[in-house]
Every structure is written in structure tokens, then in C-alpha cells.
Amino acid sequence: MATAPDGRRYCGIPYADCYFYFDTVKYLTKIEINEADRAWLRSHCKHLDIRRHGSWVRAKRGHRQVNIWPWRLRIECHLPDRAALAFFAKLRDTKLTAAHLARDFTFEGSPGKWAMLDLFSGAWVQPHLKNDLRIIFDNGGFSTGRRAKGTYFTAYADLACRIDGITDCWHFEQRSHGTKALAQANLHEPADLIDFDHERHWEVKDRECLRWLDKRTLGRTHRNRQDKTRDQQSAARDLRIGGLLWRIFGTDEFGNSSVQHFIRGYGRGPFIRELRIQCAG
């Protein structure tokens, strides 16, 4: 589903279009799927992978056996359409195990996607993340830390949009693995995928996760802590103090600056603000 044709700016960055979809969905089922249904599913997914309990698969560390007892099949669908989602919603004894919720912004030229990369890599803060496990990819993308159970986010700007094939694309994805992580996204069973409100989901996530650092407030807060005062006036040096603290605690060993890294090193406070407030003006 694409956005409306007007007002196509995201935090001030103009874009051509935006698509919301499920990039990958994974299931477990106790029901056998015949060859005719498999062929039909392949016509409604970009890729379909079905593994049987007890079968052998090639892994990074050699071959391993699929152990999903008491389930019979492990199913992975890439870009399933509504008909495919409805098929699994009607398939009894079927469990949803993972869903990757994707959002693709496309642009008239490459500057837009790199501006979006700068915005997200610096401002995206994943709540309740105990450790900063961020991975920076050579292609300019990043991940907030891969995990078998739970939720993490991944992004890239070097591949074409999976919906319309436009190469100037910013792809951002939430990967939710396991029952608890899926429930946090209001996905409890296969039927919840059919009419899922992607746009509303990302509106909520943006409010929760997009943050910016108010350096002047940071400097004043730090100065009051050091001097054991409650001065609310903004001194001229507060901005300099805040800027210095941002450079010390907000920059990792590779020279990448982010609010997430700053929170890990310094902590939270009134100086961490919602990015939407800053962009509203």
C-alpha cells in the first residue's frame, strides 16, 4: 500500500513514494501441504521455503537437522500477498513464529536515501535495549543487533525497492521473532496479518524510537549535577558542555554518532527529546 500523493516529506526529507508490507513471515504447522497448494503459494509469494521435521539443511556451521516436534512443517514466505496470508490464516493447527514488517521509501535521486540513512542511523533508539549491539554494514545500512528471539531493526540504502524496483530506496524493517515479540506488535495469530495496519504501526514506532539530543539542556543538566544546584537558566557555556559530552559519549570507535550510543554511555534525561517535536516547526 502506498501513501497518499500529497505531503510526501518525512522529517523534512522529500520522497517519491512509501510502501508498507510484510517482507518475511514464518509459520509452524501440523498440517501437510500438498504439491498443488505449494505451487499456488509460490505464485503468491516472492519466495517460499518449506522444511519438514527431521530434514537436513545446510547452515553456516555445517549441516543440521530440523527439529520442530510436535510440528510437522516449518514455512518461510517472502513478500506474501493477501491471498497467501489468508491461506495460512485458515490452515488449522498453524502457529505464527516470526514477522518482518517493512517500510520502503523511494526517491527521485540518491541524495534522499542517504539523508534518510543519516537520520535513522543517528536518531533511531530502540527502547529497552540492554546492550548496544548495533552492526554497521559495508553497504551503508545497520542493524540494532540480530537475535533469534525478540525484536530488532535493520536497514539499508543500496538495494532496489522490493515493491516497485526503484533503486533509490531506503528500506527499514522490524524483525519480530517469537510469541512475545509478535504480541508486542499486536500479532498473535496468522489471521492478524491480513488486515494489519502497517501505517499506524510505524507511526507509533516513530514516536517511540526517533530521538534527538538537546545539547543545551544536556549541558545545563550536567552542570547542575556537578555543582549540585538547580539552576534552570541557560548559561552560554551549556551548549559547549553539551556538545563536548555528545562527542565523548555519542561517538563509537568507528566514528559513528548516534543517540543510542550516547544513552548507553551517559544515560537518559530531559535532554533526550522526540524528534517529531523538533521537525514539527
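Smallest separation of non-hydrogen atoms from Gly54 and Gln65: O-NE2, 2.9 Å. When all heavy atoms are compared, the tightest approach of Gly243 to Lys215 is CA-CD, 3.8 Å. Here the closest heavy-atom approach between residue Cys161 and residue Asp104 is recorded as SG-OD2, 3.3 Å. Listed here is the closest heavy atom pair of Pro270 and Thr221: CG-OG1, 4.0 Å.
No side-chain heavy atom of Leu159 sits less than 4.5 Å from a side-chain heavy atom of His171.
Salt bridge Asp238/Arg240: absent, no basic N to carboxylate O contact under 4.0 Å.
Between Trp124 and Phe142, the distance separating the two ring centers is not shorter than 6.0 angstrom. Between His78 and His100, the gap from one ring centroid to the other reaches at least 6.0 Å.
Other residues, nucleotides and ligands place more than 12 heavy atoms under 6.0 Å from the CD atom of Glu203.
A cation-pi contact, defined as under 6.0 Å to the ring centre and within 45° of the axis, is absent between Lys113 and Trp170.
For the atom pair Phe22 CZ and Gln174 CD, the distance stands at 10.0 Å (nearest 0.5 Å). Taken to the nearest 0.5 Å, the NZ atom of Lys30 stands 8.5 Å off from the CH2 atom of Trp69. Here Trp212 contributes atom CH2 and Cys11 contributes atom SG; the two are 12.5 Å apart, rounded to the nearest 0.5 Å. Distance check: Leu193 CG to Leu85 CG gives 5.5 Å after rounding to the nearest 0.5 Å.
Side chains of Arg175 and Tyr152: a donor on one and an acceptor on the other come within 3.5 Å. The closest side-chain donor-acceptor pair between Tyr21 and Asp81, if any, does not fall under 3.5 angstrom.
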